[in-house]
Every structure is written in C-alpha cells, then in structure tokens.
Trainee: 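One structure, pasted below without further comment.
Everything numeric here is computed off the predicted structure, so don't read it as measured data. Positions are given from 1, in the same order as the sequence printed here.
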Amino acid sequence: MPHAAADRFTAALHAPLQAVYVLHGEEELLRLEALDALRAAAAAQGFHERKRLLAEGTTFDWSALAAERQSTGLFAEKKWLEIHVPSGKVGKNGGDALAEWATHPPDNTATVVVLPKLERAQSQSKWFAVLSKHALTYECKAVTPAQLPAWIRARLQRYGLNAESEAAALIAQRVEGNLLAAKQEIDKLALLYPQGHLLTEAEAADTVADVARFDAFQLAAAWMYGDSTRLMRLLDNLSAAESDPVLPLWALADDIRTLLRLSAAQKQGKSAAALRQELRLWNGKDRAAEAALRRLTPARLTAALIECARTDRQIKGAEAGDAWASFKRLIIGLSA
C-alpha cells in the first residue's frame, strides 16, 4: 500500500543518511512530503550547506556535477545536494553523470535526485538501474480510488484518530482522488476532534461538506482555463452556500499572486514545470496557470489584485457595495 511504503521510507531517515536517494513517481504530494522529510533529516544530522541543481531541458550542463565533486574536500562541511529533473529526461551525458555520482559519491555529501513519473524507457535505462542499485529509492505511486479510504484512515491514525470505514469512504468520495485536498481535510479533522476519537460517517459528512460546496482547485481551473460554463455553475453553488466570498476571494488573490510570480520567472527563462514545488503548482495547476498567462498580462493581474482588496473591504463593511457581485464580476472578467 502507498502509505506503508511512505512510512517505511520516513522511518529509514532516523538512521544516518545514505549517500544517495531517489524520489520518483506521479503523486506530487507524496514526493513533496518525502523531500521535506529528507531535508529535515539532513538538517538534523548536520548537513547545513545546501545546493540545488535544476536539470531542465537539453541545455543543462551536467559538468556541474563534476564541479560539485571537485568543490568537496575531505574536511569540508557536510553538504546536502538536490538534483531536480522535472522532465525525467537526462540524455546520455546526464545518465553517465548520475551513474558516476551514485557509484562514487563524494565524502560529506548526501544527495537526492528528484524525478517525475518515469516512462518505460527511462525506468529501464542503464543510468536508472545504477541509481536504483546504489540509492535508497522511493516511488511515489498514485493512490488508487480503492486504496484511498485506507490511506485516509492511516493518515488519521497519525493524529491519534480512528474512523469508521463508512467515514473514510465518504471522505474519499468527497475529495475525488485529490490527495492534497484529502490531506487538508484530515488536518482540519485533527483540529476539531481529540486523540482517540472515532470519526463517524455523520461527523465526516458534516465536517467535510465544505469540500462539496467549495473546491479551490475546481474554481481556479475553471477561471484559469476560461471555462465560463463551469465557472458560472461553481459560482452559483458558492453564492447559495456562503454568506460572503471570504474563502473564494482569498484563493483567487493567492492564485493571482502566483501568476504574477510565474510571469516574472518566465521572463527570466524559467518554466512552470521548473517552479512547480516552489509555487505549489500541483495536480495540473501548472498547465492551468500557463493557460491563464496566455490571456492575462501582468498589468491586468495587478489591477485584479486591487479589485480583490476593494472586494475585501466590502466584505468587512469598510466600503459600500455587494461583495458577491464584485467577486463574480472580477473572476468572470479574468476568465474571459
């Protein structure tokens, strides 16, 4: 089961760090959590010097790895090195460099190679075989719908909570396979109920009902892709369920700031794929963000942030106007 593999990986980090780790697989949340656990273990074990290499596209110079080896002396400070390969494609030079690094890792250095879900040719390549032989490898597999209830119950148990099978099944149904949404709901349940509590189906229905009424990912995807039909349906449901657009407005403003940061990064030659973790562009949000930036200029997005602030003042009663009307007008305009 995916959660069992994750627990085994995390437990292994209590021992002295290995020289090389490999994270790969399609489930973004599990990759991010595993990377965070590795970073924490490295910091706790004295790997205070940190370096990150982003091997994106065919232009990356893999001689940077050789330079890292030469910069590491026998009495150098412990170094934590991350090698991110967003595409999973390393080419011959990259494959040779990674295989050499894994076979003969430098002293005082712990390394993690972060890869996406690998294609068949990549997973059966010589360089990946060498990595797998010498590294501790964790495949962040997708959690299937059939596995999700058990994954949810295991997550709840981390907080000392238990759940009826019907409750776990209901949460799984509500989050529709979105692990990040499931994690957010579990975190919320941990705040609401004490350790040792047995979560019932009725409690889950009451607590997780907000997911059915408002899904920030659905709303963001609708306006970023310009899906006006879906956007209007979501807005109708939201305005019928919420007295004020507090949460939708917060999510919209946060997404606009992300788009502005992404736009600035793209002008520097970076892609959404390279910034997925930094900007939290998970579960296909990177593609939605790029679609939005093809329509919206930085000036338009900046003006939208000003409109968000005005709508926020309407919610708080500091400015006259209908907050819902203002919010709908703003987000529909952004989707046009």
Side-chain angles (χ1 to χ4, degrees), residues 1-15 17-18 20-41 55 82-90 95 98 102 111-159 163 165 168-187 211 217 221 272-274 276-278 280-287:
M1 295 295 287
H3 60 264
D7 289 343
R8 287 196 298 271
F9 174 79
T10 303
L13 301 183
H14 295 298
L17 286 186
Q18 294 192 190
V20 183
Y21 295 83
V22 176
L23 303 178
H24 70 102
E26 63 185 298
E27 186 47 66
E28 188 78 36
L29 174 67
L30 299 184
R31 281 211 314 272
L32 183 63
E33 288 184 337
L35 183 58
D36 284 345
L38 276 170
R39 288 168 173 167
E82 296 180 9
I83 305 172
H84 293 258
V85 190
S87 68
K89 299 177 181 179
V90 300
L98 288 173
T111 305
V112 59
V113 182
V114 184
L115 301 160
K117 179 183 179 181
L118 299 178
E119 299 174 0
R120 182 181 180 87
Q122 295 165 337
S123 62
Q124 295 183 350
S125 63
K126 180 180 178 181
W127 65 267
F128 188 73
V130 174
L131 272 184
S132 300
K133 178 181 178 181
H134 294 280
L136 193 160
T137 301
Y138 172 38
E139 181 179 2
C140 307
K141 296 181 178 179
V143 179
T144 67
Q147 295 169 335
L148 187 53
W151 185 90
I152 289 170
R153 294 180 77 177
R155 283 285 172 132
L156 286 168
Q157 287 170 2
R158 293 184 182 182
Y159 292 103
S165 57
L170 184 134
I171 297 172
Q173 181 183 19
R174 290 283 172 83
V175 300
E176 297 182 343
N178 187 324
L179 283 200
L180 182 58
K183 177 185 180 299
Q184 291 171 336
E185 290 305 312
I186 291 166
D187 290 345
V211 177
F217 293 96
R276 289 180 75 192
Q277 291 189 8
E278 180 182 342
R280 302 168 68 88
L281 298 173
W282 304 324
N283 299 301
K285 200 170 182 179
D286 52 346
R287 295 186 295 274

Trainee: To the closest 0.5 Å, what do you measure between CG (Leu23) and CG (Leu30)?
Mentor: 10.5 Å
Trainee: Nearest 0.5 Å please: distance from the CG atom of Leu29 over to the CG atom of Leu180.
Mentor: 6.0 Å
Trainee: Within the distance-only criterion (no hydrogens, no angle test), does the side chain of Gln122 pair as donor or acceptor with the backbone N or O of Gly88 below 3.5 angstrom?
Mentor: yes
Trainee: Is any side-chain heavy atom of Ile186 less than 4.5 Å from a side-chain heavy atom of Trp151?
Mentor: yes
Trainee: Evaluate the criterion side chain to side chain contact (heavy atoms under 4.5 Å, CB included) for residue pair Val112 and Leu35; output intermediate values, then yes/no.
Mentor: CA-CA 8 Å; Val112 59; Leu35 183 58; 4.0 Å; yes
Trainee: Of all the heavy-atom pairs spanning Pro116 and Pro86, show the shortest one and how long it is.
Mentor: CG-O, 3.2 Å
Trainee: Take Val113 and Tyr21 through the test side chain to side chain contact (heavy atoms under 4.5 Å, CB included) and record every step on the way to the result.
Mentor: CA-CA 6 Å; Val113 182; Tyr21 295 83; over 6 Å; no
Trainee: Taking atom NE2 of His134 and atom CG of Leu98, what is their separation to the nearest 0.5 Å?
Mentor: 12.5 Å
Trainee: Which pairs pass salt bridge (charged side-chain N to carboxylate O under 4.0 Å, His left out) with one or both residues in residues 116-127, sequence neighbours excluded?
Mentor: Glu26-Lys117
Trainee: Below 6.0 angstrom between ring centroids: does that apply to His24 and Phe128?
Mentor: yes
Trainee: Is Gln147 reaching over with its side chain to a backbone N or O of Thr144, donor-acceptor style, under 3.5 angstrom?
Mentor: yes
Trainee: Nearest 0.5 Å please: distance from the CG atom of Asp286 over to the CD atom of Glu28.
Mentor: 8.0 Å
Trainee: Which atom pair, heavy atoms only, marks the closest approach of Ala102 to Val20?
Mentor: CA-CG2, 4.1 Å
Trainee: What closest approach, in Å, do Ala135 and Val22 show between heavy atoms, and which atom pair accounts for it?
Mentor: CB-CG2, 3.8 Å
Trainee: If only atom types and distance count, is the side chain of Arg31 paired as donor or acceptor with the main-chain N or O of Cys140 below 3.5 Å?
Mentor: no
Trainee: Lys133: which residues meet the salt bridge (charged side-chain N to carboxylate O under 4.0 Å, His left out) condition with it, sequence neighbours left out?
Mentor: none
Trainee: Is the shortest distance from a Lys or Arg side-chain nitrogen in Arg155 or Glu33 to a carboxylate oxygen in the other one below 4.0 Å?
Mentor: yes
Trainee: Roughly how far, to the nearest 0.5 Å, is the NZ atom of Lys89 from the CG atom of Leu118?
Mentor: 11.5 Å
Trainee: Taking C-beta and beyond as the side chain, do Val114 and Val85 meet within less than 4.5 Å on heavy atoms?
Mentor: no
Trainee: Check Val143, Ile171, Leu179, Leu170 against Ile152 for a side-chain contact (heavy atoms from CB on, under 4.5 Å) and give me the one that passes.
Mentor: Ile171
Trainee: Rounded to the nearest 0.5 Å, what separates atom CG in Leu115 from atom CD in Glu139?
Mentor: 11.0 Å
